[in-house]
S.K.: 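Starting off with a structure, shown below.
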Amino acid sequence: MEVREILDVFRAADPAALKEKYLAEGRKIVLTAPVYTPEEIIHSMGLVPMGVWGADVLLKRSKRYFPAFICSVVQSIVELGMRGTYDGASAIVIPSLCDSLKVVGQNWKYAVPGIPFIPMTYPQNRASEAGRAFTKAGYLRVIRDLEAATGAKFSAQALADSIKIYNEHNALMRRFGREAGKYLSAADRSAVFKSAFFMPKEEHAALVKKLLAALEGEKPLSGPSVVTTGILADSPAILAKLDELGLRIAADDVAAESRQYRTDAPETGDPLDALAAKFAGMGCCSVLLDPEKRRADLIVDSVRETGASGVLALQTEFCDPEEFDYVIIKKACAAAGIPLLAVEVDRQMANFGQAETMLEAFSERLG
Amino acid sequence: MEVRKGSSQDPNSAKYKLNQIAAKAYSDAQAAKERGEKVGWCASNFPVELPETLGIPVCYPENQAAGIAARGQGEKLCSIAEDEGYSNDICAYARISLAYAKIKDEPAQNMPMPDFMLCCNNICSCMTKWYENLSKELDIPLIMIDIPFNPDNEVSRDEIEYVKAQFLEAVRQLEEITGKKWSDERFREVMANSCRTSRAWLEATALAAARPSPFNGFDLLNHMAVMVTARGKPEAAEAMELLAREYRENIENGTSTFRAEEKYRIMFEGIACWPWLRVTSTGLKSRGINMVSTIYADAFGFIYDDFDGMIEAYCKVPNAINLETARDKRVRLCNNIGVDGLLVHTNRSCKLWSGFMPEMSRQIGEACGIPVVSFDGDQADPRNFSEAQYDTRVQGLTEIMASRKAGE
Ligand code: SF4
Ligand code: SF4
């Protein structure tokens, strides 16, 4: 397969169509909300995890539940739930990693009563023994609720197998994150990350592997590149603008992209302990306790490693975890002499004109 | 000048004593700092029993931010934080505190700079980020007690174990930082004081059930500072007991600190609009509306018998509980105290508190058969409040309450 043909498969991964396909095959779907959910568990129980990170829709019905100043990621999840977009799904797993995610879970119970809400409660002091035990307790609760909602059964052996599949996928996505900037447009890069939330992991991994092999023969792109950071980087308007300006994405620190794949679970010992160890090992993220703000160092390092020319902070409107980190990132970039541009994005992108102008000026500056 | 009995100038009044205790929390911390002791900044719902037992002086940034906002300096400090790059979306307490950490002097409410941070995120995840940033910017240790939002009705054994390990670790860290030592005996004293203060607070606030209520609910906003900063101290317990006594006397004498005819009684939901305290209070009083109930009445009822009980109490603070538990607490308060309406402050600063309030307040209104009206505001950033909207909404609530009374 040619690069273009492979990319077309990723781009065609339409969540609505895939949902119908899974249901027609008699499979049960479990929705997974941002930022981290134990997908491996869902996968191991023979259920299909499908990521829900909201969509670019007009918020109407969700207004019954949310004041305007809650991020459009969670608001649009509820909007879609109320519209029936997720009908047929057996449950939704929502972690309580930020205040908006705490409230979405509570509202969900009343806004979308047909799809059971399964809370995943993570600890912030996650690396200590007590923290790991608490993570594991959270997983056990998710398992109990999944069994009740779907009738599927949990088995440790199946989880160990799923962990292997996920680790392999993680490794491929890490490689892809490094390679994509050399060869692919921002829009194509995004399509690969995004489809990972809807396609079966094994299939996605196989396709990424093919893509990586096909890219080896390609001619690298030239021109300046950036490291992106934020929760989401899938706004078609922003991606199109980056491509028009010839700005490549050398690497990312985006929650819906590389942050998902940085950490593997150990493949030895009790698989639930292994999954808790994975969570303990995660970090450099706005919703995971990070008193030293290693995230800012990680961004600076990845600019240096990739030779990127600057940092593009895509700030989801009303996302306070990211808004706090931004100031520290800004200072770290300034100290390292790295140009930084912050662009506010929401799921509606109503005032895109301003963002366009800012991106144009930034691109000129990076030359 | 005649000093009215029970007024804030009467040195024998609860109000005077409570104000003194709140002010002393700051001066004690300042004095300790000057003596060379290590001082902490502490989250309002951090287990104060820990620093209190260890004899470690702490200050409360939320309390400071409220004071700064009430004295008209909220916008100035918020703007300083915004110039640093903090979004105006961020909780105004956090913005004010981050600004203060930068300028280190604000006559509206000064406090000593910290040597360490004591964070407990049981009231919000925003707290985690805010203290993370302070700890990074000031390059001081962060002691973090993570108490997750509880989606269930009960606190699980798993949660108690997780939180307990953190309490013990926090004590260890504090001992290491300050060189002070934990004493079980001292802890029992502090626990007894804290429970005594809490009991008196619960008793005083429950007296609002009398008709008319012996106090203006806005008094509680003032006295809350002591519940936050000093509930483990014996003088706080004494002053709260005095407050309850005064309120009982008011009932016997048919008097009240609500100096208007109490035509309507409401529950007020949310943090006060500190920059607009007078406006919001006058808007109610002028219509004969007394705020007889707030969740704060319940929030500081930290009553427990031992270390595990203390942990459970901190796992159950208002913002850490699910919609149903939070709703039922309010329904109980409304029913026990007797209210004609619910006024909800949709607080721009507080995503967690406001984020499921529309649904919860609907359910409370239905369960109690009372009208629910909300207004937009902010606890500390004056720019997010409109006097005209407030007035219209309160008028609307008054009219519904009036027509219901007429129909009774
Ligand atoms: S992390 Fe940010 S974007 Fe994601 S749910 Fe929380 S507030 Fe919204
Ligand atoms: S107002 Fe809300 S967001 Fe701000 S510190 Fe208090 S609980 Fe947290």
Side-chain angles (χ1 to χ4, degrees), chain A residues 63-67 69-71 74 94 96-107 109-111 117-119 121-126 128-131 133-134 136-138 140-141 286-287 289-293 296 315 317-328 330-331 342 344, chain B residues 81 84-87 89-91 94 98 117 119 121 124-126 128-133 135-137 141-142 144-146 148-152 156-159 161-166 169 319-320 322-324 326 346-348 350-360 362-363 374 376:
Chain A
K63 288 190 174 149
R64 180 174 162 81
Y65 293 92
F66 296 99
F69 48 85
I70 303 292
C71 76
V74 306
I94 307 178
S96 51
L97 285 164
C98 74
D99 291 330
S100 305
L101 286 165
K102 292 174 189 171
V103 303
V104 73
Q106 298 308 303
N107 283 330
K109 292 184 276 191
Y110 299 96
F117 159 54
I118 302 181
T121 308
Y122 286 108
Q124 285 297 350
N125 277 319
R126 53 201 183 276
S128 66
E129 202 184 311
F134 189 69
K136 188 173 175 182
L140 286 169
R141 188 252 166 83
S286 55
V287 298
L289 181 67
D290 182 17
E292 281 128 47
K293 298 282 180 182
Q315 294 184 303
E317 197 185 7
F318 304 127
C319 174
D320 58 328
E322 289 282 319
E323 289 162 356
F324 276 101
D325 279 3
Y326 169 69
V327 178
I328 308 292
K330 191 178 88 160
K331 289 183 178 174
E344 191 161 87
Chain B
E84 278 280 287
Y86 288 103
S87 164
D89 172 53
I90 288 175
C91 166
L98 287 156
M117 303 296 303
C119 184
N121 59 358
C124 62
S125 298
C126 165
T128 315
K129 301 304 295 178
W130 164 9
Y131 278 48
E132 248 181 21
N133 279 32
S135 139
K136 171 77 184 176
E137 299 267 25
L142 172 67
M144 176 76 206
I145 293 187
D146 168 46
F149 182 85
N150 183 5
D152 298 316
S156 68
R157 200 60 233 166
D158 297 314
E159 182 171 353
E161 293 301 330
Y162 169 52
V163 177
K164 186 172 185 170
Q166 298 179 79
E169 174 62 12
N319 278 2
N322 68 13
L323 187 150
E324 296 74 23
T346 303
N347 182 352
R348 183 64 188 75
C350 196
K351 295 184 200 301
L352 183 49
W353 204 327
S354 302
F356 60 78
M357 192 53 73
E359 177 60 23
M360 183 166 81
R362 265 194 299 276
Q363 295 188 17
S374 68
D376 299 315

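Computed from a prediction, not measured in an experiment: that's the story for all the values here.
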S.K.: When you measure from the side chain of A:Asp99 to the backbone N and O of B:Cys126, does any donor-acceptor pair fall under 3.5 Å?
M.R.: yes

S.K.: For the side chain of A:Asp320 and the backbone of B:Asp89, is there at least one donor-acceptor N/O pair under 3.5 Å apart?
M.R.: no

S.K.: Please determine, among A:Ala342, A:Ala133, A:Ser286, the option with the most heavy-atom pairs under 4.5 Å with chain B.
M.R.: A:Ser286

S.K.: Among B:Asn322, B:Thr346, B:Leu98, B:Leu142, which has the most heavy-atom pairs under 4.5 Å with chain A?
M.R.: B:Asn322

S.K.: Is it true that a side-chain atom of B:Glu132 and a backbone atom of A:Asp290 form a donor plus acceptor pair closer than 3.5 Å?
M.R.: yes

S.K.: Decide side-chain hydrogen bond (donor to acceptor under 3.5 Å, both in side chains) for B:Glu359 and A:Asn107; before the verdict, give the C-alpha distance in whole Å, the side-chain angles of both, and the deciding distance to 0.1 Å.
M.R.: CA-CA 7 Å; B:Glu359 177 60 23; A:Asn107 283 330; over 6 Å; no

S.K.: Examine the side chains of B:Asn133 and A:Lys293 and answer whether a donor and an acceptor come within less than 3.5 Å of each other.
M.R.: yes

S.K.: Please check: side-chain N/O of A:Asp325 versus main-chain N/O of B:Lys129, any donor-acceptor pairing under 3.5 Å?
M.R.: no

S.K.: Keeping A:Gln106 on the side-chain end and B:Leu323 on the backbone end, is there a donor-acceptor pair under 3.5 Å?
M.R.: yes

S.K.: Looking at chain A, which one of B:Tyr131, B:Trp353, B:Trp130, B:Phe149 has the largest number of heavy-atom pairs inside 4.5 Å, strictly under?
M.R.: B:Phe149

S.K.: Is there a side-chain contact between A:Phe69 and B:Ser354 in this structure, where contact means two heavy atoms from C-beta onward sitting under 4.5 Å apart?
M.R.: yes

S.K.: Check whether any side-chain N or O of B:Lys351 sits under 3.5 Å from a backbone N or O of A:Ser100 as a donor-acceptor pair, and report yes or no.
M.R.: no

S.K.: What's the shortest heavy-atom distance between B:Pro151 and A:Arg141, and which atoms?
M.R.: CG-NH1, 4.0 Å

S.K.: Listed by chain and number, what are the side-chain contact (heavy atoms from CB on, under 4.5 Å) partners of B:Ala326, not counting sequence neighbours?
M.R.: B:Ile321, B:Arg330, B:Met360

S.K.: Is the NZ or CZ atom of B:Arg362 positioned over A:Tyr110's six-membered ring, under 6.0 angstrom from the centre and within 45° of the axis?
M.R.: no

S.K.: Can you tell me which of B:Ala165, B:Cys119, B:Pro148 forms the most heavy-atom pairs within a distance under 4.5 Å of chain A?
M.R.: B:Pro148

S.K.: Report yes or no: does A:Lys102 contribute a side-chain atom to a donor-acceptor pair with the main-chain N or O of B:Gly355 at less than 3.5 Å?
M.R.: no

S.K.: Listed by chain and number, what are the ring pair (Phe, Tyr, Trp, His ring centres under 6.0 Å) partners of A:Phe134, not counting sequence neighbours?
M.R.: B:Tyr162

S.K.: Determine, for B:Glu324 against A:Lys109, whether the closest basic-nitrogen to carboxylate-oxygen distance falls under 4.0 angstrom.
M.R.: yes

S.K.: Less than 4.5 Å to any heavy atom of chain B: does that hold for the side chain of A:Tyr326, its backbone, both, or neither?
M.R.: side chain

